[in-house]
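Notes follow the structure.
Both backbone and side-chain heavy atoms feed into the values below; hydrogens, waters and symmetry mates do not. Along the sequence shown, residues carry numbers from 1. What you see is a predicted model; the values in this text were computed from it and never measured.
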Amino acid sequence: MRVYFTTIILLILPLLGLTQSISDLQKQKQETQAEIEYTTRLLEETQQSEKTSLNKLRLLNNQINQRTRLISTLSDEIAIYDQCIQNSELSIEMLQNDLQQLREEYAEMIRLAYKNRDVNNELLFLLSAESFNQAYRRLLYFRRYSQYRKDQGEIIGEVSSVLNDNIKKLEERKEEKQTLVDQTRQEYRMLAGEKGQQDTELQKLADQKRNLQQTLRQQRKIELQLEQEIQRIIEEEARKNRANGEPGYALTPEQKLIGDNFEQNKHRLPWPVERGVIVERFGVHQHPVLTNVQVRNNGVNIATEIGSKVRAVFKGEVSRVFGISGGNMAVIIRHGAFLTVYSNLREVVVKKGDLVDTKQDIGTVYTDYDDDGKSILKFQIWQESQKMDPEDWIVR
């Protein structure tokens with residue numbers, strides 16, 4: 001039986017790792033499903049307007065990416081269940097073989113005991129001993145033999161119990177796998193519908209190239225105003241420092257400490273809105289509709305719900321509050337050597353010189369009811385004059 005227990009341990013250890021992998025995938029699946037539900041809610045807000053918009057297309061693109069990620073997670077989970085099922089079937093087969101062998105050995109033991117029942121009469125066997133030592137050894141033999149038969153029966157019962165548990169778990173895993181397979185098929189159907197809607201929106205927008213080009217020019221103008229304002233802040237502070245005989249970008253000890261703390265929280269900064277979906281990422285990328293046209297984004301665009309509050313991602317001092325022609329209000333907060341920029345705000349509740357704390361409300365995101373009711377926060381992070389990718393800083 002020592003071989004049997006070793007076999008079970010070797011089978012159980014891999015299953016423990018697979019169970020952990022399933023748990024991780026299920027957590028990832030739940031997070032992706034929550035993102036899809038939130039994006040669906042934002043899309044429903046845009047559906048109230050029949051107007052085709054770039055925002056609607058970007059939300060659809062985002063949802064398609066999320067749905068694809070969910071399908072990939074489901075496929076990984078199914079693959080792990082296949083491995084669990086395969087291991088369980090192997091375990092059951094080995095347990096059945098062990099149980100069969102144990103029963104055969106036990107049956108043979110009972111058969112021999114019955115065949116030699118007269119010879120094995122304990123009292124006669126002991127009395128026929130030639131010496132006391134021989135009688136004592138025969139007594140020990142009877143006791144050990146009796147205990148062995150008892151142990152063998154208990155082991156058969158234990159193996160039978162483990163076997164029945166494994167069979168039950170195997171059936172449960174097969175049912176869970178089938179549920180995942182059905183869910184994957186449903187997700188594929190929904191993905192096909194979303195891609196169909198994406199094609200429709202793309203076709204509609206393709207007929208509005210002139211309007212899109214005009215919108216793109218307006219966006220570039222807004223980005224340029226923001227960039228100029230940030231550069232103005234940096235240059236003004238550099239001039240003040242130089243006038244005081246300090247290096248251009250010198251920081252006070254307190255500012256340096258805040259900047260160091262900001263940098264130490266990379267990947268852990270909260271989002272500038274409570275809930276949102278990134279619909280346009282940092283850097284240069286292809287325009288979703290216009291061919292051979294590239295879009296440059298100095299930060300990220302976050303779609304959120306109507307009336308969402310905008311909040312500071314870290315403690316700091318408000319450096320600027322200003323309006324942008326065609327781009328609504330903007331707030332710039334300094335965190336030592338770092339600047340965070342929040343634009344496309346409807347209203348602002350802070351002013352220049354205010355000290356703000358992490359997650360403190362600074363305003364409300366603007367909702368464009370003339371353009372499908374979109375609510376987009378434009379968020380940037382700068383390290384002095386260097387643009388940073390906000391996705392490298394905010395928590396996943």
Side-chain angles (χ1 to χ4, degrees), residues 6-43 59-95 162 165-195 264-279 281-282 300 302-304 313 358-359 389-396:
T6 303
T7 301
I8 292 301
I9 290 171
L10 290 174
L11 287 170
I12 287 176
L13 287 177
L15 287 175
L16 293 175
L18 294 175
T19 303
Q20 182 60 42
S21 297
I22 290 175
S23 177
D24 293 341
L25 287 171
Q26 286 175 341
K27 181 181 177 182
Q28 182 179 335
K29 179 175 65 178
Q30 289 169 358
E31 291 172 351
T32 306
Q33 287 172 328
E35 290 178 12
I36 290 173
E37 288 173 7
Y38 185 73
T39 306
T40 301
R41 205 157 77 222
L42 296 179
L43 274 168
L59 282 171
L60 273 169
N61 292 344
N62 187 275
Q63 186 156 29
I64 286 170
N65 291 336
Q66 291 168 341
R67 187 86 60 191
T68 303
R69 189 165 70 247
L70 176 59
I71 289 172
S72 176
T73 302
L74 287 168
S75 299
D76 290 342
E77 198 173 351
I78 288 171
I80 291 179
Y81 269 102
D82 282 334
Q83 193 173 349
C84 284
I85 289 170
Q86 184 179 357
N87 287 349
S88 293
E89 288 174 340
L90 177 61
S91 173
I92 288 170
E93 182 182 353
M94 296 177 73
L95 284 169
V162 173
D165 288 344
N166 278 23
I167 292 173
K168 182 180 177 181
K169 288 178 182 176
L170 175 61
E171 293 305 315
E172 289 174 354
R173 289 193 177 107
K174 287 182 176 179
E175 290 176 3
E176 289 165 351
K177 177 196 168 183
Q178 187 58 48
T179 300
L180 290 171
V181 170
D182 294 340
Q183 184 181 353
T184 303
R185 289 172 181 163
Q186 175 66 16
E187 295 298 333
Y188 269 116
R189 285 193 291 269
M190 296 180 74
L191 180 63
E194 288 163 356
K195 286 186 174 180
Q264 288 169 8
N265 279 276
K266 192 173 185 178
H267 304 300
R268 293 185 294 182
L269 294 177
W271 278 50
V273 288
E274 187 174 353
R275 291 291 304 275
V277 178
I278 294 176
V279 291
R281 291 188 147 76
F282 174 82
V300 293
I302 302 174
T304 186
V313 298
T358 304
K359 292 188 178 181
D389 184 352
E391 288 192 77
D392 291 338
W393 292 83
I394 55 178
V395 67
R396 294 294 182 184

Please report the shortest heavy-atom distance between [X] and [Y], naming the atom on each side.
X: Gly276; Y: Ile302; value: CA-CG2, 3.8 Å
X: Pro270; Y: Ile394; value: O-CG2, 3.7 Å
X: Thr39; Y: Leu59; value: CG2-O, 3.6 Å
X: Gln186; Y: Arg189; value: OE1-NH2, 2.7 Å

When rounded to the nearest 0.5 angstrom, what is the spacing between [atom1] in [X] and [atom2] in [Y]?
X: Thr304; Y: Arg275; atom1: OG1; atom2: CZ; value: 8.5 Å
X: Glu187; Y: Arg69; atom1: CD; atom2: CZ; value: 12.5 Å
X: Gln66; Y: Glu31; atom1: CD; atom2: CD; value: 12.0 Å
X: Met190; Y: Leu70; atom1: CE; atom2: CG; value: 9.5 Å
X: Leu191; Y: Thr184; atom1: CG; atom2: OG1; value: 12.0 Å
X: Thr32; Y: Arg67; atom1: OG1; atom2: CZ; value: 11.0 Å

Exercise for the section: From the options Glu176, Arg173, Lys177, select the one residue that forms a side chain to side chain donor-acceptor pair (under 3.5 Å) with Tyr81. Expected result: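 Testing Tyr81 for a side chain to side chain donor-acceptor pair (under 3.5 Å) against Glu176, Arg173, Lys177 leaves exactly one candidate, Glu176.
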
Practice task
State whether the number of non-hydrogen atoms from other residues, nucleotides or ligands found under 6.0 Å of Glu274 atom CD is greater than 12.
Solution key: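 Open: at most 12 neighbouring heavy atoms sit under 6.0 Å from CD of Glu274.
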
Heavy-atom side-chain proximity of [X] to [Y] below 4.5 angstrom:
X: Thr68; Y: Ser72; answer: no
X: Leu180; Y: Lys29; answer: yes
X: Asp76; Y: Gln28; answer: no

Exercise for the section: Indicate yes or no: does Lys168 engage Asp165 in a salt bridge with an N to O separation below 4.0 Å. Expected result: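 Salt bridge between Lys168 and Asp165, a charged N being under 4.0 Å from a carboxylate O: no.
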
Practice task
Check the pair Glu77, Gln183 against side chain to side chain contact (heavy atoms under 4.5 Å, CB included), reporting the backbone distance first and the verdict last.
Solution key: CA-CA 12 Å; Glu77 198 173 351; Gln183 184 181 353; over 6 Å; no

Practice task
Verify, without hydrogens or angle tests, whether Asp392 (side chain) and Lys266 (backbone) share a donor-acceptor contact under 3.5 angstrom.
Solution key: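 Here the side-chain-to-backbone pair does not exist.
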
Handout entry: Trace of the side chain to side chain contact (heavy atoms under 4.5 Å, CB included) decision for Trp271 with Ile278
Key = CA-CA 11 Å; Trp271 278 50; Ile278 294 176; 3.7 Å; yes

Handout entry: Derivation of the side chain to side chain contact (heavy atoms under 4.5 Å, CB included) call for Thr40 and Gln63
Key = CA-CA 8 Å; Thr40 301; Gln63 186 156 29; 2.6 Å; yes

Problem - Polar contact flag, side-chain donor to acceptor under 3.5 angstrom, Asp182-Gln178 - result: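 Per modelled atom types, Asp182 and Gln178 side chains form a pair under 3.5 Å.
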
